[in-house]
A.B. asks: 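Once you've had a glance at the structure underneath, I'll fire off some questions.
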Amino acid sequence: MNREFYARDAEIVAKELLNCLLVRTSEEGTVVGRICETEAYTQDDCASHSFRGCTPANHTMFGEPGLVYVYFTYGMHYCANVVTGIPGSGEAVLIRAVEPLEGLELMLLRRGLSHGTRLAIGRTLCGGPGRLCQAFGIDRNHDGTDLVSGGPLKIYQSTSIVCDSDIAKSRRIGVSKGVDFLRRFVVAGDRYTSRVEK
DNA sequence: GGAACGATTGAT
DNA sequence: TCAATCGTTCCT
């Protein structure tokens, strides 16, 4: 995916990221997942980290489109975003869930789940932004890394683009402000989303 | 310097 | 439904 793909409105990118492949390489191995749930955040949105301007913690969000913005929350979880829009616009797409495709052993190991746990291959492995980051070994060291110019994280175009009628929109999860915006996008009926859409 | 608060998760 | 857990932000 080139930089022009990311240099568009967060809502557009959030929808087009559905069914794209998220790939994480490391010395431990490679893990791949199919993105099935995203959320859009813009600077004029009171629920967005960028709403109150650029700070040391969120400055990646104001950088080049195609950068990875990783934040730490609730004292124990990381969440990964893709920066979108023109540089400085302060918008991003939160990647909330993927279908685990490759490197399941490594994901289970990183998540602290036993190998035999068949149940873990459902939404509990990568369904949710914190779980996804843990399974993919993503932390604050990845904040500011570039998806476009090479690095441990990459996103590849899906073979099957999700048509608009197959995208379900809903309220975003876990936000206390901007609750009425329909800026959460999931592949309709997908089994691997963080929860069933309302 | 201190307090309040999370774009969450897992256990009860 | 609720505790865990700590960096960031904002107020004094």
Side-chain angles (χ1 to χ4, degrees), chain A residues 6 9-15 17-18 22 33 35-63 65 67-85 89-100 107-114 116-144 147 153 155 168-186 191-198:
Chain A
Y6 300 105
D9 290 348
E11 275 202 32
I12 306 275
V13 178
K15 288 194 266 191
L17 279 177
L18 294 175
L22 177 64
I35 297 168
C36 61
E37 177 178 348
T38 59
E39 285 180 355
Y41 290 87
T42 54
Q43 197 184 6
D44 59 359
D45 170 8
C46 56
S48 174
H49 290 172
S50 57
F51 184 65
R52 300 187 185 282
C54 188
T55 68
N58 70 10
H59 84 277
T60 297
M61 232 181 136
F62 292 85
L67 294 185
V68 181
Y69 165 52
V70 181
Y71 65 87
F72 180 66
T73 191
Y74 288 103
M76 60 188 94
H77 300 297
Y78 297 97
C79 298
N81 297 251
V82 175
V83 177
T84 67
S89 60
E91 54 183 276
V93 172
L94 172 66
I95 303 176
R96 287 192 54 90
V98 305
E99 172 191 357
M107 294 190 205
L108 287 164
L109 181 69
R110 285 177 174 148
R111 291 272 294 121
L113 301 168
S114 65
T117 316
R118 286 279 161 182
L119 294 173
I121 313 295
R123 16 171 71 87
T124 52
L125 192 51
C126 298
R131 291 167 170 174
L132 186 158
C133 279
Q134 190 177 32
F136 277 62
I138 298 171
D139 58 32
R140 267 239 115 190
N141 291 317
H142 299 90
D143 181 61
L147 289 165
L153 287 164
I155 293 180
K169 300 178 198 178
S170 73
R171 291 176 160 83
R172 294 171 295 186
I173 309 291
V175 299
S176 57
K177 307 161 196 157
V179 292
D180 289 332
F181 290 122
L182 299 179
R183 291 185 178 169
R184 172 177 178 250
F185 306 97
V186 306
R191 175 188 159 200
Y192 295 95
T193 57
S194 63
R195 61 180 75 177
V196 183
E197 58 267 29
K198 288 197 304 284

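Reminder, nothing fancy here: chain letters follow the sequence lines and each chain counts from 1. Below, all heavy atoms of this structure are taken into account, side chains as well, without hydrogens, waters or symmetry copies.
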A.B. asks: Apply the salt bridge (Lys or Arg N to Asp or Glu O under 4.0 Å) test between A/Glu39 and each candidate in A/Arg171, A/Lys169, A/Arg96; give the one that qualifies.
C.D. replies: A/Arg96
A.B. asks: Going by atom types alone, do A/Gln43 and A/Ser50 pair a side-chain donor with an acceptor below 3.5 Å?
C.D. replies: no
A.B. asks: In terms of side-chain heavy atoms, does A/Asn58 have a donor or acceptor partner in A/Thr55 at a distance below 3.5 Å?
C.D. replies: yes
A.B. asks: Using a cut-off of 4.0 Å between protein heavy atoms and nucleotide atoms, how would you tag nucleotides 3-12 of chain B 5' to 3' with B, S and -?
C.D. replies: ---BBBSS--
A.B. asks: Please report the shortest heavy-atom distance between A/Thr84 and A/Ser89, naming the atom on each side.
C.D. replies: O-OG, 3.5 Å
A.B. asks: Does one side chain, of A/Tyr78 or A/His142, offer a donor that lies under 3.5 Å from an acceptor on the other?
C.D. replies: no
A.B. asks: Tell me yes or no: between the side chains of A/Arg123 and A/Thr193, is some donor less than 3.5 Å from an acceptor?
C.D. replies: yes
A.B. asks: Measure across A/Ala10 and A/Tyr41 and return the closest heavy-atom pair with its distance rounded to 0.1 Å.
C.D. replies: CB-O, 4.1 Å
A.B. asks: Convert the base pairs of DNA chain B into dot-bracket notation, remembering that pairs crossing earlier ones are written with [ ] and that bases paired across to another strand are shown as |; include only Watson-Crick or G-U pairs under 3.5 Å.
C.D. replies: ||||||.||||.
